[in-house]
Asker: 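One structure, as structure tokens, below. Some questions next.
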Amino acid sequence: MSLGSPAAALPAALSVFLLFAAAACPLASPQTATAVVADDSNAADVAPLLEGSAAWAAFDAARAQLALATRQQQDPSLWSDVRDNAQVGLEELAQVGESVGRAHVDALHATLRAVIARQDASESRWQARTDAGEDPSTIASVETRWTTTAGSLADGLIGHEGLLPETSVAISDLLFEAGRDGEAQQALRRALALWPSEVLVHEQLRSWTARLPQPAALIQVLHELARQHGRNNSTLSGHALESSSALSLELGRRAYERAQASGSFDDYTEAANLFEASAHDLSRSRSMPRQPGDSDVQSERATTLINAGWAQYAVAWGRWSEDRESEAAWEAAAASQQAFKAALAAEPGNPTALAALSRLGTLVGTKAQSDNPLTLPAEDKADIRDYFGELAAQYDIAEWWNNFGLFSRDTGESAAADGDTELARALFEQSYAAYLRAIELSPNDTRMVNDTGVMLYYYLQRELDLAEEYFLRAIELGNDSLDNPFADRAADLWQQELAAYLDAKLNLARLYADLDRLDEASAVIDDATRFDREIFEAGDQPAVRIDLLQTKARIDAAKDSGES
């Protein structure tokens, strides 16, 4: 089969977008404050301060302090600097003369004052919450005072809206804090119209994506901005596309949460489509000038594509839960694989994408009907075999060569049981070749080295001296791990290493017995059982111990028979 865990176990945590540093932007005229989509021309024609003058320098310095204080308010560890920096801004602003236009100066003054007042209220809020402990009524009262204060500060600034991007950002921030999310979104939309390339506005938009009532409306605005300015203002287009990516990601989150609550295949599919749209906009933004490195963009894109893959995975799992023959499940599984592969293309070696592809392979075989792929019918094992064979050939990863080898071996056993010895032999050779590649890539993996010897000894029945070398190598690797005095013997990894080591011991003892090297076989068994019974039982490996003891008994019986 070639593709073009339970849904409850799907990852809930999704990606977070990076913020950028601020950039200077032109001032706006009050008359443009109600625009919906505009370019920079209607915002750049009003400059109340003469650029290059002392008044301009003082005004610009005050704006820089406001931008700094605004960012510091988002990080509690920087709160001690917020008030001081805003106060410096007020001092700078005091140097602006009376001969310049006052509307922008007044807006900046009011915004700096609002930042200081907000900081005072924030610190009082958190101190009151600390004093309240876990008393819900007191906490509710504190939060009510906070939202009232935030709303009052926002209302005090609204008369200055449309003059400075910092003022619009402050208004939207306070409106969100006041729980007036719809008004906050509209304030951001107006700010985008006036200052579409202003980084601070895009930062604010991305910071509050989870609270936007109608992100889709803003996505349309951002796409229109990118379309209009894609050729003549790539910086603007880059910011617009990254912001639209963040909004699509948020919509995808919401659809994903709905799907988890309802189990709706349509919601999962919608989530996948939104995540893919988010990744697409990120990909488009890569060609635009930007401050984060390209690797940051690709990492975010990979995470978003992984989200899309998990959403399609959930559809496949749900469809197969209802019908093992579902074609819709195959289509969703193919879409899931495509998304995970795209994530690897964006960020090669991404561990989450690699693990997701492995998990999808198990789903392809189990069809959501079993937890253990080793107990599946031969046709389902063949699906897993082909799936991992395709991945191994494409990505050349040891784990996937190992899986391809395992299921080639298992399907070979099924062919042998059906009397098709020619097919069985071909599958066993295929398995052996896969294991050889796996241990070439991962030469110190005890399990893989042991299984390579298993293919020669049990299945192909040739080169037994080489099989012996593989078993001895696996035992050596196991000894190195198991004898580590700092290892936790109750840990899963230690127990897995013990199981591989014991298998290698058992296989070597049987090989020696077949070669009539009974004393060596007996010594191998004795060494294998050096671990206390409690260690076997703690690792749920009593069957291995029984196999060892039974093999020991047969070897001893053979020795006694030979001596008599």
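Just so it is clear, the values below take in all heavy atoms, side chains as well, and ignore hydrogens, waters and symmetry mates. We count residues from 1, following the sequence as given.
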Asker: Give me the ring orientation class for Tyr256 and Phe275: parallel if the planes are under 30° apart, tilted from 30 to 60°, perpendicular past 60°.
Answerer: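 Tilted: the ring planes of Tyr256 and Phe275 meet at 30° to 60°.
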Asker: Within the 4.5 Å heavy-atom criterion, are Arg462 and Tyr432 side-chain neighbours or not?
Answerer: yes
Asker: If you take the centroid of each ring, where Trp contributes its six-membered ring, are Phe340 and Trp310 closer together than 6.0 Å?
Answerer: yes
Asker: Go through Glu143 and Arg129 one step at a time and tell me if the salt bridge (Lys or Arg N to Asp or Glu O under 4.0 Å) criterion holds.
Answerer: CA-CA 9 Å; Glu143 291 304 303; Arg129 284 187 65 103; 3.1 Å; yes
Asker: Verify, without hydrogens or angle tests, whether Arg510 (side chain) and Ala521 (backbone) share a donor-acceptor contact under 3.5 angstrom.
Answerer: no
Asker: Test Leu218 against Leu205 for side chain to side chain contact (heavy atoms under 4.5 Å, CB included), laying out the working first.
Answerer: CA-CA 10 Å; Leu218 285 174; Leu205 180 62; 3.5 Å; yes
Asker: Can you tell me how far apart CG (Asp267) and OG (Ser262) are? Round to the nearest 0.5 Å.
Answerer: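 It is 4.5 Å, given to the nearest 0.5 Å.
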Asker: Whether the side chain of Ser326 engages the backbone of Glu322 through a donor-acceptor N/O pair (distance < 3.5 Å, no angle test) should be reported.
Answerer: no
Asker: Closest approach of Val449 and Pro443, non-hydrogen atoms and distance?
Answerer: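 Between these two residues, the closest heavy atoms are CG2-O, 3.6 Å.
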Asker: Would you check if Trp401 and Tyr435 make a side-chain contact, meaning some heavy-atom pair closer than 4.5 Å?
Answerer: no
Asker: State the CD1-OG1 distance between Ile439 and Thr446, to the nearest 0.5 angstrom.
Answerer: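 Output value for this atom pair is 11.5 Å.
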Asker: Might you work through the side chain to side chain donor-acceptor pair (under 3.5 Å) test for Asp75 and Ser77, ending with a clear yes or no?
Answerer: CA-CA 5 Å; Asp75 185 350; Ser77 68; 2.7 Å; yes
Asker: Is the backbone of Phe404 close enough, under 3.5 Å, to the side chain of Arg409 for a donor and an acceptor to pair up by distance?
Answerer: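 Checking the backbone N and O of Phe404 against the side chain of Arg409, no donor-acceptor pair under 3.5 Å is found.
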Asker: Quick check against the 3.5 Å criterion: does Arg319 have a side-chain atom that pairs as donor or acceptor with the backbone of Glu325?
Answerer: no
Asker: Using 0.5 Å steps for rounding, measure from the CG atom of Leu427 to the OG atom of Ser431.
Answerer: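 Interatomic distance, Leu427 CG to Ser431 OG, rounded to 0.5 Å: 8.5 Å.
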Asker: Looking at every heavy atom in both Thr411 and Ala382, which two are closest together, and how far apart are they?
Answerer: CG2-N, 3.7 Å
Asker: Between Arg473 and Glu468, is there a side-chain heavy-atom distance shorter than 4.5 Å?
Answerer: no
Asker: Apply the test side chain to side chain donor-acceptor pair (under 3.5 Å) to residues Tyr458 and Asn507: give CA-CA distance (whole Å), side-chain angles for both, the deciding distance (0.1 Å), then the verdict.
Answerer: CA-CA 9 Å; Tyr458 292 101; Asn507 294 329; 2.8 Å; yes
Asker: Any side-chain heavy atom of Ile384 within less than 4.5 Å of one from Asn403?
Answerer: no
Asker: Do the side chain of Asn402 and the main chain of Ala398 share a donor and acceptor less than 3.5 angstrom apart?
Answerer: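 Such a contact is absent between Asn402 side chain and Ala398 backbone.
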Asker: Using a strict cut-off of less than 4.0 Å between a Lys/Arg side-chain nitrogen and an Asp/Glu carboxylate oxygen, indicate whether Glu347 and Arg301 qualify as a salt bridge.
Answerer: no
Asker: To the nearest 0.5 angstrom, please state how far the CD atom of Glu469 sits from the CG atom of Leu464.
Answerer: 11.5 Å
Asker: Knowing that exactly one of Arg437, Glu399, Met448 qualifies, which makes a side chain to side chain contact (heavy atoms under 4.5 Å, CB included) with Ser442?
Answerer: Met448
Asker: Taking side chain as C-beta onward, heavy atoms only, is Asn479 less than 4.5 Å from Tyr501?
Answerer: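 SC-SC contact between Asn479 and Tyr501 confirmed.
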Asker: Could you walk me through whether Ser245 and Leu249 pass the side chain to side chain contact (heavy atoms under 4.5 Å, CB included) test, one step at a time?
Answerer: CA-CA 6 Å; Ser245 174; Leu249 179 65; 5.6 Å; no
Asker: Out of curiosity, Ile397 CD1 to Gln394 CD, how far, rounded to the nearest 0.5 Å?
Answerer: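 The distance works out to 9.5 Å.
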Asker: When you measure from the side chain of Ser522 to the backbone of Leu518, do you find a donor-acceptor pair of N or O atoms at a distance under 3.5 Å?
Answerer: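 No.
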Asker: Determine whether Lys367 and Asp383 satisfy the following criterion, salt bridge (Lys or Arg N to Asp or Glu O under 4.0 Å), listing intermediate values before the conclusion.
Answerer: CA-CA 10 Å; Lys367 313 288 191 301; Asp383 287 340; 2.9 Å; yes
Asker: Side chains of Arg385 and Lys381: does their closest heavy-atom pair fall under 4.5 Å?
Answerer: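 SC-SC contact between Arg385 and Lys381 ruled out.
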Asker: Take Lys505 and Ile525, measure what side chain to side chain contact (heavy atoms under 4.5 Å, CB included) needs, and give me the verdict at the end.
Answerer: CA-CA 7 Å; Lys505 282 282 192 179; Ile525 297 290; over 6 Å; no
Asker: Which of parallel (below 30°), tilted (30 to 60°) and perpendicular (above 60°) describes Trp79 and Trp126?
Answerer: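 Aromatic pair Trp79/Trp126 classed tilted.
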Asker: Would you confirm whether the ring centroid of Tyr459 sits within less than 6.0 angstrom of the ring centroid of Phe428?
Answerer: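 Under 6.0 Å, so yes.
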Asker: Give a yes or no answer on whether the side chain of Asp451 reaches the backbone of Val454 with a donor-acceptor pair at less than 3.5 Å.
Answerer: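 It does not hold such a pair.
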Asker: Could you walk me through whether Asp514 and Tyr457 satisfy the side chain to side chain donor-acceptor pair (under 3.5 Å) test, starting with their C-alpha distance in whole Å, then the side-chain angles of each, then the deciding distance to 0.1 Å, before giving a yes or no?
Answerer: CA-CA 10 Å; Asp514 284 351; Tyr457 174 35; 2.5 Å; yes
Asker: Got a donor-acceptor contact below 3.5 angstrom from the Ser243 side chain to the His239 backbone?
Answerer: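 Yes; at least one donor-acceptor contact below 3.5 Å.
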Asker: For Gln369 and Trp320, indicate whether the former's side chain and the latter's backbone hold a donor-acceptor pair under 3.5 Å.
Answerer: yes
Asker: Taking C-beta and beyond as the side chain, do Leu357 and Gln337 meet within less than 4.5 Å on heavy atoms?
Answerer: yes
Asker: What is the distance from atom CG of Leu508 to atom CG of Asp527, rounded to the nearest 0.5 Å?
Answerer: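 These two atoms lie 10.5 Å from each other.
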Asker: Keeping Ser408 on the side-chain end and Gly405 on the backbone end, is there a donor-acceptor pair under 3.5 Å?
Answerer: no
Asker: Quick one, Phe407 with Leu376, criterion side chain to side chain contact (heavy atoms under 4.5 Å, CB included). Give me CA distance, side-chain angles, the key distance, then yes/no.
Answerer: CA-CA 11 Å; Phe407 287 100; Leu376 296 172; 5.7 Å; no
Asker: Looking at side-chain heavy atoms only, is the closest gap between Arg517 and Ile555 below 4.5 Å?
Answerer: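 A side-chain contact is absent here, since even the closest heavy-atom pair is not under 4.5 Å.
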